[in-house]
Peer 1: 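My questions will all concern the structure given below.
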Amino acid sequence: PPPPPPPVLTPQITKAKSAIFTNRTKDGKPLDANHANPPAVAGDQIEYTLTTSNVGNGAYNGYLISEDIGDILEYADVTDLGGASLKDGVLTWPGEDIAAGGKVVKKFSIKVKDPVPSTAKSTSDPLSFDLRMDNTYGQTVQIPIAPPLPKQVETKAGELPQTGANTSLVITCLFVALCVYFFLRNRQLTTEVQILRADYNPGV
C-alpha cells in the first residue's frame with residue numbers, strides 16, 4: 001500500500017495582552033493596570049506586554065505583530081517602543097518566525113501626560129477622551145484615568161437630570177406664582193405700615 005500522506009502542518013495564532021504600573025507596587029510586585037483602582041494619574045508609567053503564541057502544529061513565518069494604540073495616545077506618550085515603529089497611532093514590529101508551540105513576546109511603555117488632558121468627549125466618537133485607555137490585542141486592557149478638574153465638571157454636568165417640556169412649564173409657573181405672591185405681599189405690608197403710622201400719628 002502507498003505510504004500515508006504527511007500530516008498537514010497548520011499554524012494557529014492566539015494573542016494575549018497585559019499591563020502593569022512600573023511606578024506602583026503592591027506586596028513588592030508591580031500593580032496590575034487593567035481596570036486600575038485607584039485609576040491612573042498624571043505621570044504614571046505603564047508597561048504593556050503582547051504575547052503572540054502559535055498553538056498550531058506548523059510554523060508561521062514572517063508574522064507581523066501590530067497594535068493600534070490611538071486611544072492610549074489621547075492620554076499618554078510612548079516612552080519605549082520596544083523595537084517597534086509608530087505611525088498613525090499604530091505600533092508595528094518586524095516580521096517574526098513563530099515555530100509550532102512557540103511564542104513571541106513584545107513590550108512597550110507609556111507615561112500618562114502631565115497634566116492629564118481635559119479635552120471634552122467628541123460628539124461623533126463617544127469613546128474619544130472618555131477618561132479610559134482601551135486597547136485590544138486578543139483581549140481588551142482598559143485603564144481608567146483620574147479626571148482633571150475641568151473634566152470632573154463636564155462629567156458631573158453630564159449626570160444632571162434631563163427635564164422635559166412639562167417639567168419646565170411647572171417650574172416656570174412656580175416661579176411666576178412666587179413673584180406674584182411676593183409682589184402682593186409687599187403691597188400689603190406697605191398698606192399695613194401706612195395704617196400703623198396713621199394710628200401713631202393721628203395729626204399727620
Side-chain angles (χ1 to χ4, degrees), residues 4-26 29-37 39-117 119-147:
V8 177
L9 303 180
T10 306
Q12 184 179 345
I13 298 297
T14 62
K15 303 175 182 179
K17 184 173 188 179
S18 62
I20 58 171
F21 288 102
T22 56
N23 64 318
R24 293 197 209 174
T25 58
K26 184 177 182 180
K29 297 180 180 180
L31 188 64
D32 185 3
N34 191 20
H35 299 284
N37 185 20
V41 297
D44 268 341
Q45 300 170 40
I46 301 170
E47 180 184 76
Y48 289 87
T49 299
L50 282 61
T51 302
T52 308
S53 303
N54 183 0
V55 297
N57 60 359
Y60 199 120
N61 298 322
Y63 185 82
L64 286 174
I65 299 171
S66 64
E67 170 80 316
D68 187 341
I69 62 170
D71 197 60
I72 293 174
L73 295 178
E74 290 182 346
Y75 289 107
D77 299 311
V78 179
T79 56
D80 185 356
L81 291 171
S85 60
L86 177 61
K87 183 178 180 181
D88 298 329
V90 178
L91 288 173
T92 305
W93 283 265
E96 293 271 359
D97 294 339
I98 309 176
K103 66 180 180 180
V104 172
V105 177
K106 299 295 183 183
K107 297 184 178 185
F108 68 95
S109 299
I110 63 158
K111 185 176 182 179
V112 180
K113 295 179 180 180
D114 190 2
V116 172
T119 308
K121 284 185 180 182
S122 168
T123 54
S124 60
D125 182 6
L127 299 181
S128 179
F129 290 100
D130 57 355
L131 295 174
R132 292 199 326 237
M133 294 189 295
D134 292 344
N135 190 243
T136 301
Y137 189 82
Q139 64 197 61
T140 298
V141 170
Q142 183 184 98
I143 301 177
I145 305 289

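Along the sequence shown, residues are numbered consecutively beginning with 1.
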Peer 1: Go through the structure and list residues passing side-chain hydrogen bond (donor to acceptor under 3.5 Å, both in side chains) with N23, not counting sequence neighbours.
Peer 2: D44

Peer 1: Is any side-chain heavy atom of N34 closer than 4.5 Å to a side-chain heavy atom of Q142?
Peer 2: yes

Peer 1: Closest approach of A40 and V112, non-hydrogen atoms and distance?
Peer 2: CB-CG2, 4.3 Å

Peer 1: How far does OG1 of T140 sit from CG of D71, to the nearest 0.5 angstrom?
Peer 2: 10.5 Å

Peer 1: Side-chain contact test, heavy atoms from C-beta onward, threshold under 4.5 Å: evaluate it for V78 versus L73 and give yes or no.
Peer 2: yes

Peer 1: List the steps and the verdict of side-chain contact (heavy atoms from CB on, under 4.5 Å) for I46 and I20.
Peer 2: CA-CA 6 Å; I46 301 170; I20 58 171; over 6 Å; no

Peer 1: Taking atom CZ of F108 as the centre, report whether more than 12 heavy atoms of other residues, nucleotides or ligands fall under 6.0 Å from it.
Peer 2: yes

Peer 1: Considering only heavy atoms from C-beta outward, does the side chain of L31 approach that of T25 to under 4.5 Å?
Peer 2: no

Peer 1: With sequence neighbours excluded, tell me which residues meet side chain to side chain contact (heavy atoms under 4.5 Å, CB included) with P39.
Peer 2: P144, A146

Peer 1: Has N54 got a side-chain atom pairing as donor or acceptor with I13's backbone, closer than 3.5 angstrom?
Peer 2: no

Peer 1: To the nearest 0.5 Å, what is the distance between OH (Y137) and OG1 (T51)?
Peer 2: 8.5 Å

Peer 1: If we ignore angles and hydrogens, is there a donor and acceptor under 3.5 Å between the side chains of Q45 and S109?
Peer 2: no

Peer 1: To the nearest 0.5 Å, how far apart are CD1 in I69 and CG in L91?
Peer 2: 4.0 Å

Peer 1: Check P94 against G83 and note the closest heavy-atom contact, atom names and distance.
Peer 2: CD-O, 3.9 Å

Peer 1: Going through the checks in order, is the side-chain contact (heavy atoms from CB on, under 4.5 Å) test met by Y63 and V104?
Peer 2: CA-CA 10 Å; Y63 185 82; V104 172; over 6 Å; no

Peer 1: Testing the basics here: between G43 and D114, what is the closest heavy-atom pair and its distance to 0.1 Å?
Peer 2: N-CB, 4.4 Å

Peer 1: Looking only at atom types and distance, does a side-chain atom of E74 sit under 3.5 Å from a main-chain N or O of F129, one as donor and one as acceptor?
Peer 2: yes

Peer 1: At what distance, to the nearest 0.5 angstrom, does OG1 of T49 lie from NZ of K107?
Peer 2: 4.5 Å

Peer 1: Using a 3.5 Å distance criterion without hydrogens, assess whether the side chain of Y75 forms a donor-acceptor pair with backbone atoms of V116.
Peer 2: no

Peer 1: Restricting to non-hydrogen atoms, name the atom on I110 and the atom on I72 that form the minimum distance, rounded to 0.1 Å.
Peer 2: CD1-CG2, 3.7 Å

Peer 1: What do the steps show when you test K113 against D77 for side-chain contact (heavy atoms from CB on, under 4.5 Å), and what is the final call?
Peer 2: CA-CA 7 Å; K113 295 179 180 180; D77 299 311; 3.3 Å; yes

Peer 1: Output the distance between atom NE2 (H35) and atom CG (N37), rounded to the nearest 0.5 Å.
Peer 2: 11.5 Å

Peer 1: Can you name the nearest heavy-atom pair linking T92 to S66, along with the distance?
Peer 2: OG1-CB, 4.0 Å

Peer 1: What I want to find out is whether K106 reaches E96 closely enough, with some N-O distance under 4.0 Å, to be called a salt bridge.
Peer 2: yes

Peer 1: Is the shortest heavy-atom distance from the side chain of L50 to the side chain of W93 under 4.5 Å?
Peer 2: yes

Peer 1: Output, in order, the C-alpha distance, side-chain angles, deciding distance and verdict of side-chain contact (heavy atoms from CB on, under 4.5 Å) for I143 and Y48.
Peer 2: CA-CA 11 Å; I143 301 177; Y48 289 87; 3.3 Å; yes

Peer 1: Which atom pair, heavy atoms only, marks the closest approach of I145 to R132?
Peer 2: CG1-N, 4.3 Å

